[in-house]
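A short worksheet on the structure shown next.
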Amino acid sequence: MYFVILAFVAIAGSLVWYLLGHDHGRRLPVEALWLAFGFGLLAMVISTLGEGRLIPPLFLHYPQGFSASSQIGYFLSIATIEEVAKFLPLAIFVYRKDYFREHVDGCIYFAICGLTFGLGENILYTFTYGAKVGLMRLLLTPFLHAATTSILGFYLINMKLRAPRSRWLFVGALIVVPLLHGLYDFGISSAQPLLLVSSLLITLLLTQGLFLYFIEANSLDRLVWVPALAKRYRAAQNFCSKCGQSNRQHGNFCEACGHVL
């Protein structure tokens with residue numbers, strides 16, 4: 001059992017290491033990263049309280065006893081509660097912060113929040129139902145919660161930066177992500193081979209989306225960084241850094257002292 005839990009922690013750490021190591025923009029403040037972690041813990045509390053009040057206790061312990069339509073409805077409700085708990089508090093807090101201003105910020109902060117939530121949930125399931133269930137979740141859901149929340153974060157930062165059609169894409173993501181999450185939960189609980197395969201495809205699709213959206217975010221940020229760096233470089237060539245004379249010809253050498261610019 002403890003080996004499975006250590007594996008969960010190692011996988012979570014590897015994802016954070018990958019995201020921070022492949023962020024080619026400015027360095028993110030450590031305090032903000034820890035805040036994202038804290039919001040993941042808060043999401044666990046909110047979702048537990050929400051599910052306890054809105055979902056029948058009998059369903060939480062014995063979903064197979066309900067009809068298929070009831071199961072789908074309840075699982076969609078659980079997925080929506082979890083996605084709102086992970087996304088909304090962090091979104092409200094971070095939206096107007098100065099350190100939330102690049103596309104990768106939307107992916108990283110929200111991925112850490114979702115990853116924290118998923119890690120806690122996986123550890124809880126492992127302790128409650130045993131190592132076998134934990135191992136199954138290790139294979140199926142290591143990045144599920146990180147992926148769903150990170151995708152929503154990507155569309156949120158796009159809306160903040162006023163990308164074309166970003167508002168409607170954000171609304172679409174708010175609908176599609178909980179829907180996929182709920183269908184995944186329904187397929188896993190059904191124990192039917194076809195539905196289990198569909199759940200596996202959903203989690204693979206979302207995990208792939210996590211990395212693809214992160215790559216896209218880096219590409220979008222480069223479109224901003226490169227012109228900004230070029231503008232700063234051209235401004236630096238206007239004056240010689242050694243003698244301070246104006247470089248009217250914009251050459252590579254200072255016209256007054258010959259210093260390399």
Side-chain angles (χ1 to χ4, degrees), residues 8-9 11-13 15-16 18-20 28 31-55 60 74-97 99-100 103-125 137 140-160 169-186 188 199 202-203 205-211 213-214 217:
F8 278 125
V9 174
I11 289 176
L15 178 61
V16 174
Y18 172 85
L19 293 175
L20 296 180
L28 301 181
E31 313 86 64
L33 298 175
W34 280 110
L35 276 171
F37 173 82
F39 273 99
L41 298 177
L42 176 63
M44 294 178 62
V45 177
I46 294 174
S47 64
T48 301
L49 294 176
E51 291 170 11
R53 286 184 172 272
L54 300 177
I55 309 299
L60 295 174
Y74 284 131
F75 278 121
L76 286 176
S77 299
I78 291 174
T80 302
I81 291 170
E82 290 184 352
E83 294 305 328
V84 169
K86 290 185 295 175
F87 174 76
L88 188 59
L90 178 58
I92 293 173
F93 178 83
V94 81
Y95 189 78
R96 297 189 182 278
K97 298 297 183 182
Y99 50 75
F100 189 67
H103 292 88
V104 292
D105 297 344
C107 294
I108 293 177
Y109 290 131
F110 285 87
I112 292 175
C113 178
L115 190 65
T116 304
F117 179 93
L119 179 62
E121 184 181 76
N122 287 331
I123 291 175
L124 181 62
Y125 268 84
R137 294 182 66 86
L140 291 177
T141 64
F143 299 143
L144 174 69
H145 287 288
T148 55
T149 316
S150 179
I151 290 170
L152 293 177
F154 173 84
Y155 284 108
L156 178 69
I157 190 65
N158 266 3
M159 189 170 66
K160 180 178 180 179
L169 291 173
F170 174 65
V171 172
L174 287 175
I175 297 171
V176 172
V177 167
L179 178 62
L180 290 175
H181 186 171
L183 292 176
Y184 166 84
D185 288 343
F186 172 67
I188 287 295
S199 292
I202 288 173
T203 188
L205 174 68
L206 289 171
T207 300
Q208 184 182 35
L210 165 65
F211 292 101
Y213 276 110
F214 179 68

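- For Glu121, the side-chain hydrogen bond (donor to acceptor under 3.5 Å, both in side chains) partners are Arg137, His145, not counting sequence neighbours.
- Of all non-hydrogen atoms in Pro178 and Thr80, the two that sit nearest each other are CB-OG1, 3.9 Å.
- Every residue two or more places apart in sequence or in another chain that forms a side chain to side chain contact (heavy atoms under 4.5 Å, CB included) with Ile123 is listed here: Ile5, Leu119, Phe127.
- The side-chain hydrogen bond (donor to acceptor under 3.5 Å, both in side chains) check on Glu82 picks up His181, with sequence neighbours excluded.
- Looking only at distances, a side-chain donor or acceptor of Ser199 sits under 3.5 Å from a matching main-chain atom of Ile188.
- Tyr184 is not listed as a side-chain neighbour of Leu206, based on a closest heavy-atom distance of 4.5 Å or more.
- Atom CG of Leu156 and atom SG of Cys107 lie 11.0 Å apart (nearest 0.5 Å).
- Applying the side chain to side chain contact (heavy atoms under 4.5 Å, CB included) criterion to Val177, with sequence neighbours excluded, gives Glu83, Thr148, Ile151, Leu152.
- The two residues Ala111 and Ala146 make their nearest non-hydrogen contact at O-CB, 3.6 Å.
- Heavy-atom minimum distance, Pro142 versus Ile11: CB-CG2, 3.9 Å.
- Between Ser77 and Ile55 there is a side-chain heavy-atom pair separated by less than 4.5 Å.
- The list of side chain to side chain donor-acceptor pair (under 3.5 Å) pairs with a residue in residues 149-158, not counting sequence neighbours, reads Lys86-Thr149, His103-Asn158, Tyr155-Tyr213.
- Listed by chain and residue number, Phe59, Phe66 satisfy the ring-ring contact (aromatic ring centres under 6.0 Å, His included) test with Tyr74 (two or more places apart in sequence, or in another chain).
- Distance check: Leu210 CG to Phe154 CZ gives 12.0 Å after rounding to the nearest 0.5 Å.
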For residues 31-50, which side-chain N or O atoms pair as donor and acceptor with protein atoms under 3.5 Å away, sequence neighbours left out?
from: Ser47; atom 1: OG; to: Ala43; atom 2: O; distance (Å): 3.0
from: Ser47; atom 1: OG; to: Met44; atom 2: O; distance (Å): 3.1
from: Thr48; atom 1: OG1; to: Met44; atom 2: O; distance (Å): 2.7

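- Under the salt bridge (Lys or Arg N to Asp or Glu O under 4.0 Å) criterion, no residue pair touches residues 170-185, with sequence neighbours excluded.
- Every residue meeting the ring-ring contact (aromatic ring centres under 6.0 Å, His included) condition with Tyr99, not counting sequence neighbours, appears here in chain and number order: Tyr109.
- Among residues two or more places apart in sequence or in another chain, the side chain to side chain contact (heavy atoms under 4.5 Å, CB included) test is passed with Leu179 by Leu76, Leu183.
- Ring geometry, Phe170 versus Phe87: the interplanar angle falls from 30° to 60°, so the pair is classed tilted.
- Remark: Leu205 CG to Leu144 CG distance equals 11.0 Å, nearest 0.5 Å.
- Legend: residues meeting salt bridge (Lys or Arg N to Asp or Glu O under 4.0 Å) with Asp105, ordered by chain and number and at least two apart, are Arg26.
- In this structure, Tyr95 and Phe100 approach most closely via the heavy-atom pair O-CD2, 3.7 Å.
- In this structure Leu88 satisfies the side chain to side chain contact (heavy atoms under 4.5 Å, CB included) test together with Val84, Ile92, sequence neighbours excluded.
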